[in-house]
A.B. asks: 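Just dropping this structure here.
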Amino acid sequence: MTWEMLVGASVLAATLRLATPIALAALGGTMSERSGVVNIALEGSMLVGCFFGVVVADRSHNIWLALAAALLAGLLLAALHAYASITLRADQIVSGMALNILALGLTTYLDYEMYGTTGTPSDLVAVPDLHLTFLNGIPYVGTAIGDQNWIVWVGLLLVAALQVFLFRTVLGLRWRAVGEHPRAAETVGVNVRRMRYAAVLASGALAALGGAYLSLGVAHSFTDGMTGGRGFIGLAAMIFGRWTPVGALGASLIFGYGNALSTSLQGATVGGVRLPVQLLGTLPYILTILAVAGFVGRSRAPAADGLPYETEGHA
Amino acid sequence: MTQLQQPATTGPGTESPAPSVGQLTFQWAAGPAIPVLSVAIALVIGAVFVLLSGNDPVAAYSALVQGAFGTPYDITETLVSAIPLVLTGLAVAVAFRTGLFNIGAQGQLLVGALAAGWAGAQFATLPGFLLMPIVILLGITGGAFYGGIVGLLKALRGVNEVITTIMLNYTIVFVMHWLLQAGPMTAQNAFGTPASTPIGAGARLPVIIPNELVLFSRLHAGIFLAALAVVVFWFLLWRTPLGYQLRAVGLGARAAAQAGIDPALHMVLVMAIAGGFAGLGGMIEVSGVFGRVYDGFSSSYGFDAIAVALLGKNSPLGIVFAALLFGAFVHGGAYMQSHAGISSNLVAIIQAFVLFVIAAETLVRSLTRRRHGRKPVEAIA
Amino acid sequence: MKRILAFSLLAATIVASCASTSTGTPQASGSSPTGQHLKIGLVTDIGGLNDKSFNSLADQGRQQAQAQLLVVTSVTESKQQADYVPNLTKYAQDKNDLVIGVGFLMQNAIWKVATQFPNVKFAIIDGAPTDDAGAVKNLPNVANLFFKEQEAGYIVGVIAATMAKNKVGAAIHNTVCSMGGLPIPPVDRYIAGYQDAVKTVSPTTKILNGYSQDFVDQQKGIEIGKSHIAQGCDILFQVAGGSGLGYIQAAKAAGVYAIGVDADQAAVAPGTVITSALKKVDVAVFQTIRSVRLGTFKAGDNSFNATNDGIGFGTVDAIVPADAKAAATQALADIASGKITPKDTVQVK
Amino acid sequence: MSASPPIVEMRGVVKRFGDLVALDGADLVVQEREIHALIGENGAGKSTLMNVLYGLYRPDAGTIRLRGQEVRLRSPRDAIASGIGMIHQHFMLIPPLTVAENVVLGDERSGPMLGERRLAARVRELEDRFHISVDPETKVEDLPLGLQQRVEILKVLYRGSELLIFDEPTAVLTPQEVDELFVIVRQLRDEGKTVIFITHKLREVFAVTDRITVLRDGRNAGNLLTKATNASEIARLMVGRDLKPPAARTPVQSSGTALEIRGLQAKSDRGAEALKGIDLTVNAGEILGIAGVSGNGQSELAECILGLHEPTAGTILIGGADIAHDDPKRTRERGVAYVPEDRRAEGLVLAFTVADNFILGKQDHAPFSHRGVLDSDVISANGDRLAKEFDVRPPNARAIVGNLSGGNQQKVVLGRELSEQPKLIVVNQPTRGLDIGSTEYVWERLLEQRARGCAVLLVSSELDEIRALSDRIAVMFEGRLVATLPAAEATEERLGLLMAGHTEGAPA
């Protein structure tokens, strides 16, 4: 085992790449739960984002349309969740689970119908990497961040923007108020339902951006179930990050780092003993548990998180 | 002393109680009419999808039903598919009853299976009356241990169980790869199917339907263990002080605490119990179906379990029915594909709609409740 | 259901007499036009029809048979490992003439079901009937369809080594690498043959190997790929299903070369995928169905290897020099003649 | 006054919730620049009527006129736009937000960005104008309840309301705070505002209001001029009968120390020093009242005794044994009963039945369980018996507790806690939010226990309650007991001063 394997520039670069989809999902979760709606359909939103982004990229050869389609798909799935949990006051967990299953079934089904034998085409338009050539000469930094995908940077920007939005703007204040005490917000004229709809839709779009990153930014193709549970890990990152965008990013980075290590440590030996490659795979998960147990401990959810809200006037 | 998930309150009043993750209080007591209706609505929506895919919904559903219940063999296979779902469904439900969201039934099932598979192979030569209890016990203990970790981390460090269960689910998948591909449990068998050494004959759950009755049935004695587990679940929760305590913590942690029921302790207990149910499920699959542990033999029992528990309203009978429904979907879905040429993924879509409509059922319920005049608690003052 | 049946019958009748031109399959001329329609069932493993690997290839073989032979076929996807037995049993109960299981995970299931239905023929891809104790028990009604993956790996290894040695195109670092999904034998046999070829053809070439620990997740494949490329690797051989597509994508993004697996993956990334190590599951399925049709069904081991065109290499990209291609063709011939026996255990882990 | 139309005129308002008729043709007429009391027992319809006026509920029948104009108020937004503001009984504040954020929420007037400092300045300006003082940059969750109420008032003033509705505003305040509130309310009237003051406390009606509307069972029971009426008349109108005089106290019968606390220290959940060395004793057959403003350590004291809160120093002796570090289970085994402050969150499992709540904490021993199995026959018989004995209405032990009224919920708590002959009862705010009838009931039960020889530690911020029940009264201020007086010496004025921390020169 060498330092290069643990903290080399390429490990950092991989950390960022691997953290990005998690962070986007976690960001989506944060926005939704800050308004008081638990959205465990993030995984589903990511997956439909992956798939429909690829479909439209294939049909239109226009990356902007493809991205828009990805976001729209995630948003539409979230809209179902919003309708169920806000309008119908359905159980938010059940609805979210249902939509995850739906997303997996639907994308797998359509993928087979559309690309069953051939796979998605090889000439898909994609979201390019951003080559920061001026960093080339700088050791470490150039390798670490010089060739990241555009969506990585957009994701980082979104973290900053949403942190400011939630905690420094008027709308953010109302957003949080609705998640903490919807009655109080409503008595001062904040439209709880509209706010929550916006939040859930936003969360779907954010998760779908994470999906689009995977399919259009990274893989340039679609395979069934390619999100591989990142939406759920994003959920964990949201809680670990204490329902703040910056916290969610931090949690995602820890997870991404563990994941990067499980790659970089392959072949490494400790005291002459080779690390079994299978066990390296546990690194990101164990690292996350240790991090949460070690220095974060309990975190408090928004007070009204997961509670359906009944507008008084209709009683 | 204990950390509670109750929202902090300002003045003396709090929000009126509303169902939340931890407070799924509704029961099948209100009768199965609404779930049955929900399933029907979901089937209609599913039919639209079948139509859109260019197939005949009537043919599809008749193949689905025929595949699941068409012959005695199919019925026994539907039961075989339902057994692990019953156990993992109980694992999710018992935690829900104490206010915890156990996404970890999947991992707990795998640990139970590994523990049972290890014991069954390690003591393979023991006679059944000795070996079977050991294997059952190890399966339960393995799952309970893995679930208990979640409870302990929550009790001691306040770690949200959603995080731990998700992470532990993934962790065990990789540990299992190692154990069964290149680790201490790996069997030396032909062409390297990653699997453990076969368990001894005494650790096998016998098939309970003789060939003369149903030819080649796989229905094994695990169904009795599953039935017993359902009874234990019911008895534990509604007939024992411990169950009372678990439900009290789930529905009112602070009230339970002041009455001398330590929520932290009960969170550990309930996660161990949940893990025990799931672990037993893993043991049953190893002893009743496979005879050894195959790497990755369970891809989704633990996740379907969440749907099963929710669909079954966390009640014993509800879980049995929900597991049977999902078992029928699994087994009948295969037949639908081979005989009606309909993608098995459509079954997943229909399952999703069943759940979704169940979720939206709250609407129906709240409408009926409103009509019967249960006023909002704060409405009068 | 009837509609589908009727349509396939019609199609089968029309096509049955036509000579096949695809994928070097022997012609279906032997089929008797007056014979009964055979019923064939195919059971995938949990990878499903959409795996773009052996399940998908097996299904192509089935469809080809449906089109060219006088057979009625259907397919069932397995969702869990516990489904193998009932899915095979249902086909046997429904009086299929041949039931094909895809993948070594079904070895025990095929043994169980085949012993119960001695009058039904079975075939298993990548395996042999295995009893509950894990011992291989050949059965008179089961054909075991084996592939010598190490031979396919060896041949593409020859191409990779030749290019690396001669520093062709982007391959300038004299380093080649491979990535498996998990270190399990069917994966490692490919990698073993590949490494054996490189060591034989170009002993100075550096060899790297890694595992994505996954057969689905593309991003993990990409990360291994990036890590390999950073270490100088410029020819990447993937043996990891969907995850391997990510490995190819990493090569494409870096402008280096990749080698596909199982199916011909040239179309995945033209210009990047220089060739593919083929494991002709479709051929094996088609031939087995045909053998039932012809009455030449052979129980026990059926090896698909260099001698019978069961393995091979796929479309060779234009960048590959003629000498490399010639060396590969020669290696194929040498393996077929027994001059070369590729190793089947991985040397560079 | 007849020159201009009344600022509020509600006529024939009907509001039903399912089968329950909350308002049955209620009228309310409020003139401009007056402080108008809306008085009635719990369930009389006061809050419902105000929620209709505030746009939270839509009436099933009736009209609302504001300054003669008929209006339809569909939401609080409409009400606010019409110049109506409500100071809610259960504060509509968001604990993790700052005072300033709470005040401006929904009407931020600051462009898209918040600009915390600008907001704070704006709120300070408002505070200066109405002589209300609270730090705008503190988080609401860090404020005592009295100050939180000021935030509620600021919220309403910030929105330029002309009519302010105070919904039971004194329930959580100390006498000093009540007086300060009255000053603020009068100032508001003098600034030209109109105030509706919902209460069921007669004293407050006479202290501050100009005119009175009495509601009973959703209908008007009387409209009176404050100056021209008296307490017994209003009480009769409210209750529909004459009130019993407060039960007379008999002298302490027994002696012997039931509870002895020495040097008790504890930190609050937030880590602040909550108890700074408490010494007290409670004798058998005695009620010791702990008076004080909420948040001065009373809850921590009660919770330390029970074992819900870990003391950092000191001893708690019961029967000679130190129970300071025992958990609630062991403490209760020593005969300690507990009536918690927040009965909905702490006292009861709302989703359980009445019968199940009666055995909370007793579920694991005889007669309710034997060898780890619950005895459902005994549990339901016990439920029926206690429901009857403690007058729970409806007298159905299978009813879900969450559906009962506050008074009946408290009866369930009492039934559970008092039915096993405890040696010591720790009672925290036992009548908060209860109507007169229920309050009387709770008091009687506590006095009964005292008569039986039980020691009672009564924590209450209601001076009436403390004075009506206690044999001795200790006053708590900032984590210390600043004085302990015999009940006879504890005048309201003296207690009030002590509660505010004035230990010196308190007139006897």
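Chain letters run A, B, ... following the sequence lines, proteins first, then strands; residues in each count from 1.
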A.B. asks: Please classify the contact between A:Pro21 and chain C as side chain, backbone, both or neither, with a heavy-atom cut-off of under 4.5 Å.
C.D. replies: side chain
A.B. asks: Please determine, by modelled atom types, if C:Asn50 and A:Tyr115 share a side-chain donor-acceptor pair under 3.5 angstrom.
C.D. replies: no
A.B. asks: Is it the side chain or the backbone of A:Asn259 that comes within 4.5 Å of chain C heavy atoms, both, or neither?
C.D. replies: side chain
A.B. asks: Salt bridge or not between C:Arg62 and C:Asp59? Use side-chain N to carboxylate O under 4.0 Å.
C.D. replies: yes
A.B. asks: Are the side chain of C:Asp282 and the backbone N or O of C:Leu57 linked by a donor-acceptor pair below 3.5 Å?
C.D. replies: no
A.B. asks: Measure up the C:Phe237 and C:Tyr194 rings against each other and bin them: parallel (under 30°), tilted (30 to 60°), perpendicular (over 60°).
C.D. replies: tilted
A.B. asks: Please determine, by modelled atom types, if C:Asn87 and C:Asp83 share a side-chain donor-acceptor pair under 3.5 angstrom.
C.D. replies: no
A.B. asks: Between C:Gln265, C:Gln249, C:Lys226, which residue shows the highest count of heavy-atom pairs closer than 4.5 Å to chain A?
C.D. replies: C:Gln249
A.B. asks: Who among A:Gly228, A:Ser10, A:Ser264, A:Ser122 has the most heavy-atom pairs with chain C under 4.5 Å?
C.D. replies: A:Ser122
A.B. asks: Does a salt bridge link C:Asp264 with C:Lys280, judged by any charged N lying under 4.0 Å from a carboxylate O?
C.D. replies: no
A.B. asks: Please state whether the side chain, the backbone, both or neither of C:Leu245 comes within less than 4.5 Å of a heavy atom of chain A.
C.D. replies: side chain
A.B. asks: Strictly less than 4.5 Å between heavy atoms, which residues of residues 11-20 of chain A line up against chain C? Please order them by number.
C.D. replies: A:Ala14, A:Arg17, A:Leu18
A.B. asks: Between C:Lys220, C:Gln219, C:Lys252, who has the most heavy-atom pairs with chain A when the cutoff is under 4.5 Å?
C.D. replies: C:Gln219
A.B. asks: Which pair of heavy atoms, one from A:Gly210 and one from A:Met46, lies closest together, and at what distance?
C.D. replies: C-CE, 3.9 Å
A.B. asks: Does a donor on one side chain and an acceptor on the other come within less than 3.5 Å for C:Gln218 and A:Ser221?
C.D. replies: yes
A.B. asks: Would you kindly say whether A:Tyr112 and A:Asp224 are connected by a side-chain donor-acceptor distance under 3.5 Å?
C.D. replies: no
A.B. asks: What part of C:Val216 lies closer than 4.5 angstrom to a heavy atom of chain A: side chain, backbone, both or neither?
C.D. replies: both
A.B. asks: Among A:Leu214, A:Asp111, A:Thr227, who wins on heavy-atom pairs under 4.5 Å with chain C?
C.D. replies: A:Asp111
A.B. asks: Please state whether the side chain, the backbone, both or neither of C:Ala230 comes within less than 4.5 Å of a heavy atom of chain A.
C.D. replies: neither
A.B. asks: So which of C:Ile248, C:Leu208, C:Ile222 has the biggest tally of heavy-atom pairs under 4.5 Å with chain A?
C.D. replies: C:Ile222
A.B. asks: Which bit of C:Glu223 is near chain A, if near means a heavy-atom gap under 4.5 Å: side chain, backbone, both or neither?
C.D. replies: both
A.B. asks: Go through it in stages, so that I can follow the logic: the residues are C:Ile235 and C:Val256, the test is side-chain contact (heavy atoms from CB on, under 4.5 Å), and I'd like the CA-CA distance, side-chain angles, deciding distance and then a yes or no.
C.D. replies: CA-CA 6 Å; C:Ile235 299 175; C:Val256 296; over 6 Å; no
A.B. asks: Is the distance from the ring center of A:Tyr285 to that of A:Phe255 below 6.0 Å?
C.D. replies: yes
A.B. asks: Give the member of A:Leu280, A:Thr108, A:Asp147, A:Thr223 that has the highest number of heavy-atom pairs under 4.5 Å with chain C.
C.D. replies: A:Thr223
A.B. asks: Report the residues that fulfil salt bridge (Lys or Arg N to Asp or Glu O under 4.0 Å) with C:Asp234, sequence neighbours left out, ordered by chain and then residue number.
C.D. replies: none
A.B. asks: Of the backbone (N, CA, C, O) and the side chain (C-beta and beyond), which part of A:Tyr213 lies under 4.5 Å from a heavy atom of chain C, both, or neither?
C.D. replies: side chain
